[in-house]
Protein chains: 2
Amino acid sequence: MKKLSNKERIVAVAERLFAERGYDGTSLREITREAGVDVALVRYHFGNKQGLFDELLRRRAEALNLERSDALDAVLARNDPAPVEEIVDAFTHTLLNKVVSEDPTWRSYFGMLAQVNNNPEWGGKAMSRHFDPLVRRFLDALRRAMPDADETNLFWCYHFWSGALTLTFADTKRIDALSGGLCHSSDFEAVHQRLVPFISAGFRALCQPQGDNTHD
Amino acid sequence: MKKLSNKERIVAVAERLFAERGYDGTSLREITREAGVDVALVRYHFGNKQGLFDELLRRRAEALNLERSDALDAVLARNDPAPVEEIVDAFTHTLLNKVVSEDPTWRSYFGMLAQVNNNPEWGGKAMSRHFDPLVRRFLDALRRAMPDADETNLFWCYHFWSGALTLTFADTKRIDALSGGLCHSSDFEAVHQRLVPFISAGFRALCQPQGDNTHD
DNA sequence: TACGAATTTCAACATCTGTTGAAATCAAAA
DNA sequence: TTTTGATTTCAACAGATGTTGAAATTCGTA
């Protein structure tokens with residue numbers, strides 16, 4: 001247990017509270033009270049509340065994008081076009097591994113992302129700014145894997161994929177009740193085993209060669 | 001344009017604002033100011049803020065559950081076990097039809113549901129209370145359609161499905177930017193055409209006869 | 001019209017909110 | 001030690017928030 005600077009304490013507490021209660025549901029005074037620092041320090045280090053939130057988003061996005069980009073490179077180095085499953089796995093693997101095995105604070109970060117990705121006001125813009133360049137790389141790889149895919153289908157498939165991931169990281173415990181305790185929303189290992197084949201099958205159904213599979 | 005009672009005006013404005021800005025991001029004074037009524041009326045008609053929100057959720061959930069249950073009955077009356085696609089369609093069809101063609105205020109309601117379904121604090125409980133009985137009926141039908149399905153896989157598939165729907169109703173405009181204007185997050189007709197085959201393929205990949213398809 | 005209930009208005013409460021300016025403290029370099 | 005810049009503390013602001021009790025008004029009905 002190393003000791004943290006005041007700035008680091010704010011970051012740690014803010015990340016957790018924003019993930020649990022959302023942007024509007026978290027006050028600077030809760031954050032600074034729990035971190036044991038003065039409220040005015042938020043202004044000094046981050047400008048204001050929005051600045052703090054943006055900085056939290058930005059910080060980890062950079063490292064994450066590099067890591068996921070490398071994962072895609074590794075897949076494509078072996079074979080390009082790569083199988084759909086491998087591309088999907090490269091995108092998802094990194095996220096879920098961080099949550100399962102690494103630094104547990106990543107869980108809060110993904111919880112924050114879940115809140116942002118579902119925010120109708122500024123969530124779409126924020127997600128696009130931080131992650132769309134990376135997503136485009138993955139869609140390029142998927143396009144090469146399924147050359148006859150309709151463009152719009154590719155984007156909508158990613159949209160469904162993103163939604164499934166987002167609800168997972170929201171960790172709402174709903175599946176615990178629905179399944180009568182059989183499943184647990186925090187069991188990211190279980191998600192990891194099932195998300196890749198589920199999403200890959202969805203992509204193939206809509207983007208694979210054999211004609212138009214849309215419904216109705 | 002019929003004239004609404006004060007209670008109805010509160011309901012109409014609250015539904016829209018809660019959908020756009022979430023529970024914590026919406027104040028009673030915004031709601032009542034925009035509705036042109038006194039703040040104290042919220043207390044009189046709904047008890048308090050949470051009471052208003054709960055009532056908004058409850059109101060439409062009842063009608064919706066009946067309608068979707070009937071849609072499932074209609075499918076099962078034709079053939080049971082029914083094809084996966086038809087079961088999935090019965091669940092999704094009702095929602096998307098309401099948004100596309102009927103009373104546009106349903107859009108706000110689904111926007112609210114999106115916020116609730118992603119809320120880590122009390123969202124899971126609220127969704128379970130209102131919708132899990134109906135969801136269990138659909139999962140029963142899917143279990144009969146895929147008798148060898150692992151129980152946990154069924155629940156996780158529904159989880160992915162729910163996430164895809166939720167992000168759709170959040171309507172964040174992210175896909176507009178990502179696709180360079182090719183797709184629009186409010187184009188629920190496009191979602192309707194693609195969600196059913198996408199989700200059905202995912203279910204089949206994880207729950208269909210031929211052994212274990214989980215990843216890794 | 002008169003009565004009783006339902007509805008609406010008014011004014012205020014205690015508390016919390018994000019933000020701020022200026023003083024105080026600290027740490028390191030000259 | 002003195003100086004300089006970074007960091008932290010303090011006190012306060014103006015306004016918003018959910019909630020409330022009681023008075024005033026409206027409405028349906030006897």
A.B. asks: What I want to find out is whether A/Arg58 reaches A/Glu62 closely enough, with some N-O distance under 4.0 Å, to be called a salt bridge.
C.D. replies: yes
A.B. asks: Taking the six-membered ring of B/Phe46, is the NZ or CZ of B/Lys7 close enough (under 6.0 Å from the centre) and on axis enough (within 45°)?
C.D. replies: yes
A.B. asks: With sequence neighbours left out, what residues match B/Lys173 under side chain to side chain donor-acceptor pair (under 3.5 Å)?
C.D. replies: B/Asp171
A.B. asks: Starting at atom CG of A/Asp38, determine the distance to atom C1' of C/dA24, rounded to an integer number of angstrom.
C.D. replies: 12 Å
A.B. asks: Return the set of residues passing side-chain contact (heavy atoms from CB on, under 4.5 Å) with A/Glu34 (not counting sequence neighbours), or none when no residue passes.
C.D. replies: A/Val13, A/Arg16, A/Leu17
A.B. asks: Less than 6.0 angstrom from the centroid, inside 45 degrees of the normal: does A/Arg107 satisfy that with respect to the ring of A/Phe169?
C.D. replies: no
A.B. asks: Establish, from distance only, whether the side-chain atoms of B/Thr152 and A/Arg194 form a donor-acceptor pair under 3.5 Å.
C.D. replies: yes
A.B. asks: Taking 5' to 3' order, which nucleotide of DNA chain D is first and which is last to have an atom within less than 4.0 Å of a heavy atom in chain B?
C.D. replies: D/dT17 to D/dG21
A.B. asks: Strictly under 3.5 Å: I want the nitrogen or oxygen pairs between protein and nucleotides 16-18 of chain C, one per line.
C.D. replies:
from   : atom 1 : to      : atom 2 : distance (Å)
C/dT17 : OP1    : A/Ser27 : OG     : 3.0
C/dT17 : OP2    : A/Ser27 : OG     : 3.4
C/dG18 : OP1    : A/Leu28 : N      : 3.4
C/dG18 : OP1    : A/Lys49 : NZ     : 3.0
C/dG18 : OP2    : A/Leu28 : N      : 2.9
C/dG18 : N7     : A/Arg29 : NH1    : 2.5
C/dG18 : O6     : A/Arg29 : NH1    : 3.2
C/dG18 : O6     : A/Arg29 : NH2    : 3.2

A.B. asks: Please confirm whether the shortest side-chain N or O distance from B/His45 to OP1 or OP2 of C/dA6 is below 4.0 Å.
C.D. replies: no
A.B. asks: Is it the case that A/Ser162 and A/Asn117 place a side-chain donor and acceptor less than 3.5 Å from each other?
C.D. replies: yes
A.B. asks: With a 4.5 Å cut-off on side-chain heavy atoms, are B/Leu178 and A/Arg136 touching?
C.D. replies: yes
A.B. asks: If you pin A/Ala40 and A/Tyr44 to their nearest nucleotides in DNA chain D, which one's is more 5'?
C.D. replies: A/Tyr44
A.B. asks: With A/Glu151, which residues qualify under salt bridge (charged side-chain N to carboxylate O under 4.0 Å, His left out), at least two apart?
C.D. replies: A/Arg143
A.B. asks: Looking just at side-chain N and O atoms, do B/Thr92 and B/His192 make a donor-acceptor pair shorter than 3.5 Å?
C.D. replies: no
A.B. asks: When the distance from CZ of A/Phe46 to C1' of C/dT19 is rounded to whole Å, what number comes out?
C.D. replies: 16 Å
A.B. asks: Need the bend value for the helix from C/dT1-D/dA30 to C/dA30-D/dT1: angle between end axes, 5 pairs each end, nearest 10°.
C.D. replies: 0°
